Structures are given as C-alpha cells and as structure tokens.
Amino acid sequence: MDSNWILEQEKLKSKVICYDMYNWQHKRCISRVGGMDLSFIKGDESVACAALVVCELPDCEVVYEDITMVPLTISYVPGFLGFREAPAIVEAFSRLRDTNINLVPECILVDGNGILHPRGFGLASHVGVLCDVPTVGVAKNLYQMDGILRDDDQKHRISLLHEPGDHFALKTNSGNTLGLAVKTSAASTKPVYVSVGHKISLHTAAWLVCLCSKYRIPEPVRQADIRSREFIRKNSFSQK
DNA sequence: GCGACAG
DNA sequence: ATCTTGTCGC
C-alpha cells in the first residue's frame, strides 16, 4: 500500500511549480490568504474536524470559514500526511469555489510541509496540486532529512534569529535549499519551517508568511486551528 | 536490530 | 495530533 502512495506522490510531484505564477509580491496586490488545519479527538480515530478559513489583508480579518467533521480512513503515516488530510481540504476548497468565488484566496497556507519532504511532496504541495492553487507549507516542527538536522549547528543558527523576518536556509547535503527556518514573531524562540507548496517561490512564500504573522503561527493557519478545536469542544465530540 | 518520524 | 492549569515575566 506504501508503494502505491509513493507512485502517486511522484506522479503529482511532477506537476508542482516552484516559482511565482503571479506578481503579488512586487505589486503588493494580495488581498486574501487561506489557512487550513485539522483537529482530532483523543480516543476517536474515525473522524476529525477540518477547517478552511480565508483572511483578508492587511489585518487578516477572517472573512470566510468552513468547519466540517470529516471521516478518517487513513491513519497518520509520516511522509504520507497528504493522503490523510488533503481530501477534506480539497472538498472544502471546492465548496468555496462553488459558493463564494469572490472570496477565493490567492494563496493557502497549509500546516505541514511543501517540498521540504523526503520525496519533495508534502501536504502543502499535495493540496496545491489537487486544488490547482498556490500554497505554502508552514510546519511547526522540522522534518529531518538529507542533511537537514536538528543538531547543534541548527540550534545555534536558531539562536541567531532575532527580529521577525530573520531566517536561514534549510539545505540538503547536495546544496539544494528546500525551505527556510523563519522567525515570525518577536516573542517566539522557535522558528516556523516554510517551504514552497505550489505556484509560489520560496522568497515570496516567506514574505507572505511574515505578512500574515501576529504570533508565531501565521494568522490564517492559527485561526483554522482555533476554530476546528473549538468546534470539537463545543459539540462534545470528545466524550466518545 | 535501532532510531526517526510534518500532523 | 492529543493528554493539561497555572504561572512567571515582558
């Protein structure tokens, strides 16, 4: 079952575009940024709450939200997160396109990695290709691979990050830059790991993440996280 | 065999 | 991911 997933990732990965398809950064014309996240229930592996929110710049005011309970068919397997979480987001994005095309965001921030992934195809790229929308991967923890390690050198470079916007490249042994460790808020010690999802350059991706960050986690993703958790709590799905 | 392992 | 409250500090 794993080999089929690898073939599927390789097939979809060939469609990934790692450069800007629009000139938002130069013209400063981004108006809406999406964010997605899934929350789970402690003792229930069968369902999860998926959230897709749309924030409007420059203040990241939430102008749209789609919070839904979704069935889970696949368990979490490191390296294959897309197969577990992408379907719910693809459906939510499809609903948004069908019902509120005027609120469709220019880009979606995804919690998880883009091409900063063992096979270059993380959740953010998965969502980007399936929805054919620009995406950025924003991971809270580093997925170690190819010489990109949480070693002392890594810790040292993190300690050198001071101002929001400070960052350093995450390079493989062969010298390829797969992502950036970015300090997004003055208060946080931990950086966020940004990588290209689809149809955006790494530089623009980091710029956008910083543009949307009031706290460590960029607002669109943070709001999706808050709202999906709250939905589970209010509906007492936890007492199962 | 042992350790690693986004969410 | 989730289990979990308050608390120390800017």
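Just so you know, these numbers come straight off a predicted model, no measurement behind them. Chain letters run A, B, ... following the sequence lines, proteins first and then strands; every chain starts at 1.
Judged purely by atom type and a 3.5 angstrom limit, A:Q9 uses its side chain to pair as donor or acceptor with the backbone of A:G79.
Summarising the geometry, the separation between CZ on A:R233 and P on C:dT4 is reported as 15 Å, rounded to the nearest angstrom.
Residues A:Y22 and A:P134 come closest through the heavy atom pair CE1-CG, 3.8 Å. Scanning both residues, A:L123 and A:A86, for their nearest heavy atoms gives CD1-N, 3.8 Å. What you find for A:L57 and A:C212 is that their closest heavy atoms are CD2-SG, 4.1 Å.
For A:S31 and A:E106, the side-chain atoms include at least one donor-acceptor pair closer than 3.5 Å. A:R222 and A:S213 share no donor-acceptor pair across their side chains, judged by distance under 3.5 Å alone.
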Under-3.5 Å N/O pairs linking protein and nucleotides 1-3 of chain B:
none

Just the atom pairs and distances: protein N or O near nucleotides 4-7 of chain B's N or O, under 3.5 Å.
residue	atom	partner	partner atom	Å
B:dA4	O3'	A:Q144	NE2	3.2
B:dC5	OP1	A:Q144	NE2	2.0
B:dC5	OP1	A:R150	NH2	3.1
B:dC5	OP2	A:R150	NH2	2.9
B:dA6	OP2	A:Y76	OH	3.3
B:dA6	O4'	A:N113	ND2	3.4
B:dA6	N7	A:G79	N	3.1
B:dA6	N6	A:G79	O	3.2
B:dA6	N6	A:F80	N	3.2
B:dA6	N6	A:L81	N	3.1
B:dA6	N6	A:H117	NE2	3.3
B:dA6	N1	A:L123	N	3.1
B:dA6	N3	A:N113	N	3.2
B:dA6	N3	A:N113	ND2	3.4
B:dG7	OP1	A:K140	N	2.7
B:dG7	OP2	A:N141	OD1	2.9
B:dG7	O3'	A:D111	OD2	2.6

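A 4.5 Å side-chain heavy-atom check between A:L12 and A:L130 finds at least one atom pair inside the cut-off.
Ring-plane geometry between A:F80 and A:W5 is classed as tilted, the angle between the planes lying from 30 to 60 degrees on a 0 to 90 degree scale.
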